[in-house]
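Structure, as structure tokens:
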Amino acid sequence: QVQLVESGGGLVQAGDSLRLSCVASGRTFDSYAMGWFRQAPGKEREFVAAISWNSRNTYAANSVKGRFIISRDNAKNTVYLQMSSLKPEDTAVYYCAARREVIFSATVYTGKNDYNYWGQGTQVTVSS
């Protein structure tokens with residue numbers, strides 16, 4: 001089992017940048033594919049970005065493509081979400097998610113049900 005703790009959220013202005021971090025407990029972080037999701041008030045939790053266990057593949061939602069970059073450092077048990085050119089519509093609670101890999105195929109996963117473990121979330125608020 002893995003525990004995930006997000007950090008780095010806050011209140012920023014439109015156009016600013018922010019980097020979220022998610023630290024995972026345990027010694028098998030490189031066995032997990034990772035993802036970021038977000039949930040705005042009154043809306044469903046939606047996919048933001050994902051990265052394979054070995055960083056070979058990444059994928060971002062169209063709404064953030066070109067502005068958000070996902071990366072990971074397996075030596076630090078950490079996955080990052082670098083967010084730039086932030087917009088008010090990016091305001092949400094951002095969640096980190098992990099999926100234990102059995103077959104290490106470098107797949108990225110975009111569905112909520114693809115992930116086994118979730119962090120508690122970190123609030124990102126973008127003012128106009």
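Residue numbers run from 1 in the order of the sequence given.
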Notebook entry, point to check: Any link between V48 and Y117 through a network of hydrophobic side chains (Ile, Leu, Val, Met, Phe, Trp, Tyr) touching at under 4.5 Å?
Noted result: yes
On a heavy-atom basis, the closest approach of A98 and M34 is CB-SD, 3.5 Å
Residues 42-89 vs disulfide (SG to SG under 2.5 Å), sequence neighbours excluded, gives none
Those residues at least two apart in sequence (or on a different chain) that pass side chain to side chain contact (heavy atoms under 4.5 Å, CB included) with Q3 are S25
Heavy atoms of T91 and A40 approach each other most closely as O-CB, 3.7 Å
Those residues at least two apart in sequence (or on a different chain) that pass side-chain hydrogen bond (donor to acceptor under 3.5 Å, both in side chains) with D114 are none
dist N77:CG -> L4:CG (nearest 0.5 Å) comes out at 10.0 Å
Across all chains, not counting sequence neighbours, the side-chain hydrogen bond (donor to acceptor under 3.5 Å, both in side chains) partners of S7 are none
Could you pull out all donor-acceptor pairs under 3.5 Å where a side-chain atom in residues 10-24 meets a protein atom, sequence neighbours excluded?
from	atom 1	to	atom 2	distance (Å)
D16	OD2	Q13	N	3.1

Connected to I69, directly or through other members, by ILVMFWY side-chain contacts below 4.5 Å are none
With a cut-off of 3.5 Å and sequence neighbours excluded, list every side-chain donor-acceptor pair involving residues 100-111.
from	atom 1	to	atom 2	distance (Å)
E101	OE1	Y109	OH	2.9
E101	OE2	Y109	OH	3.3
S105	OG	T107	OG1	2.6
Y109	OH	R99	NE	3.4

For A97, the side chain to side chain contact (heavy atoms under 4.5 Å, CB included) test, sequence neighbours excluded, returns F37, Y115, W118
Rounded to the nearest 0.5 Å, the CD atom of Q1 sits from the OG1 atom of T28 at a distance of 11.0 Å
Notebook entry, point to check: Is the NZ or CZ atom of R72 both under 6.0 Å from the centre of the six-membered ring of F29 and within 45° of that ring's axis?
Noted result: yes
Tracing side-chain contacts under 4.5 Å among Ile, Leu, Val, Met, Phe, Trp and Tyr outward from Y80 reaches none
Sequence neighbours excluded, the answer for side-chain hydrogen bond (donor to acceptor under 3.5 Å, both in side chains) partners of Q82 is none
Residues passing the ring pair (Phe, Tyr, Trp, His ring centres under 6.0 Å) test with Y95, sequence neighbours excluded, are none
In this structure, OH of Y32 is separated from CG of N74 (nearest 0.5 Å) by 12.5 Å
In this structure, OG of S84 is separated from CZ of F68 (nearest 0.5 Å) by 7.5 Å
Heavy-atom closest pair (E6 atom, C96 atom, distance to 0.1 Å) is OE2-N, 2.7 Å
Report task. If the plane angle is over 60° it's perpendicular, under 30° parallel, otherwise tilted; pick one for Y59 and F47. Result -> parallel
Residues pairing under salt bridge (Lys or Arg N to Asp or Glu O under 4.0 Å) where one sits in residues 75-96, two or more places apart or in two chains, turn out to be R38-D90, R67-D90
